[in-house]
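In what follows, a single structure is set out as structure tokens and then discussed.
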Amino acid sequence: MSSGLKPRKGLVISLGLVCGGLALTASIVFYSGYCHFFRYQEDRKNIRSLESDFPGLEAKLKAAIRYYPLPAFYGELGRLRLQRAMVEIEFGQPEKGEPYLDGAREALRRAMAGNPLDYSFFWELSKVYFLYNYPLLTYSGKGRLLCRESLRRHPYNEFLFLNVLLVFFEQWPLLEAEEKNWLQTNLRRVVAADPGFLDKLKRRWRQNYRATQDLESRLAELGLQD
């Protein structure tokens, strides 16, 4: 009887040691990933320029992902690469920004695959498609579709909706009839809950364009302007 229990007891001990080892390994991996990410965050606060500090920042994020491939880490890597691409575009060299846009797209797609409920990954990826082949809006349709997907995941985020509206009204001549219907439906939904929302939209528009005549004519076409 006792001899039969010994192998079973040994098996339990062995399994306990294996599980303990796995838990310890997971803890070390988790810690290492976040350690690199926190170092990235600290360095990001003190950058001299994104152009010169980009390699070090990217390396820390890639190290964090190597240890612990969280969607949030991939999302941050995508944002960093997107911002680096925008530096080249601001320098008037959009062709040099395309490799960074490709890298941003890859990272953001991984983030979306890992957490398809996070609206921010869809919103950031929309910017990538708006910037491809800049200043032409070659892939704007794909970008607007991603805007809609981001809002579908967070329909009551006012800040997000205002930004999405700016995109759609800025690209008004490119919109399909179905997109205008979508815009009308969602604007009516939000205005019904917040009658002052259109005033907020006009203020945001005025910050970029000063005059609101174009916006008002487009709202009128949607039946949303007095």
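Partner of D53 under the salt bridge (charged side-chain N to carboxylate O under 4.0 Å, His left out) criterion, chosen from R48, K45, K60: R48. Under the side-chain hydrogen bond (donor to acceptor under 3.5 Å, both in side chains) rule, Y40 has a single partner from E42, R44, H36, which is R44. In summary, of the residues considered (R144, E170, Q171), a side chain to side chain contact (heavy atoms under 4.5 Å, CB included) with L137 occurs for Q171 alone.
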For side chain to side chain contact (heavy atoms under 4.5 Å, CB included), just list the numbers for L165 and L187, CA-CA rounded to whole Å, side-chain angles, deciding distance to a tenth of an Å, and then say yes or no.
CA-CA 9 Å; L165 288 174; L187 264 170; 3.8 Å; yes
Derivation and outcome, side chain to side chain contact (heavy atoms under 4.5 Å, CB included), residues E179 and R148
CA-CA 9 Å; E179 291 178 288; R148 291 169 63 172; 3.7 Å; yes
Apply ring pair (Phe, Tyr, Trp, His ring centres under 6.0 Å) to the pair Y34 and Y67, showing each step before the final yes or no.
CA-CA 9 Å; Y34 268 100; Y67 281 104; over 10 Å; no
Kindly determine whether F197 and K202 satisfy side chain to side chain contact (heavy atoms under 4.5 Å, CB included), including the steps that lead there.
CA-CA 9 Å; F197 183 80; K202 290 175 187 177; over 6 Å; no
Under the side chain to side chain contact (heavy atoms under 4.5 Å, CB included) rule, what do F168 and R218 come out as? Steps first, then yes or no, please.
CA-CA 10 Å; F168 274 69; R218 291 162 191 176; over 6 Å; no
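Between R79 and E76 a salt bridge is recorded (basic side-chain N to carboxylate O distance below 4.0 Å). For K180 and E221, the salt-bridge test passes: some basic side-chain N is under 4.0 Å from an acidic carboxylate O. Between K200 and D194, at least one side-chain nitrogen of the basic residue sits less than 4.0 Å from a carboxylate oxygen of the acidic one, meeting the salt-bridge criterion. Looking at E106 and R109, no side-chain N of the basic residue comes within less than 4.0 Å of a carboxylate O on the acidic one, giving no salt bridge. A salt bridge is absent between D118 and R153: the closest approach of a Lys/Arg side-chain nitrogen to an acidic carboxylate oxygen does not fall below 4.0 angstrom.
For the atom pair CG of L131 and CG of L136, the computed distance is 12.5 Å after rounding to the nearest 0.5 Å. Between the OG atom of S52 and the CG atom of L57 there is a distance of 9.0 Å, given to the nearest 0.5 Å. Atom CD of residue E90 and atom CD of residue Q83 lie 10.5 Å apart, to the nearest 0.5 angstrom. Atom CZ of F161 is separated from atom CG of L201 by 8.5 Å, given to the nearest 0.5 angstrom. Taking NZ of K96 as the reference point, atom CG of L101 lies at 15.0 Å (rounded to 0.5 Å). With rounding to the nearest 0.5 angstrom, the CG atom of L146 is 5.0 Å from the NZ atom of K142.
By the 6.0 Å contact criterion, CD on E176 is open, its count of non-hydrogen atoms from other residues, nucleotides or ligands being 12 or less.
In terms of heavy atoms, S150 sits closest to V164 at OG-CG2, 4.4 Å. Nearest heavy atoms, R81 versus A107: NH1-CB, 4.0 Å. The minimum heavy-atom distance between G143 and F130, with the atom names listed, is C-CZ, 3.5 Å. Contact between G78 and A104 at its shortest, heavy atoms only, is O-CB, 3.4 Å.
Geometrically, R152 does not engage Y119 in a cation-pi contact, judged by NZ or CZ lying under 6.0 Å from the ring centre and within 45° of the ring axis.
The aromatic rings of Y100 and F54 sit perpendicular, their planes meeting at an angle over 60°, well past the 30° parallel limit.
For W205, the ring-ring contact (aromatic ring centres under 6.0 Å, His included) partners are Y209, not counting sequence neighbours.
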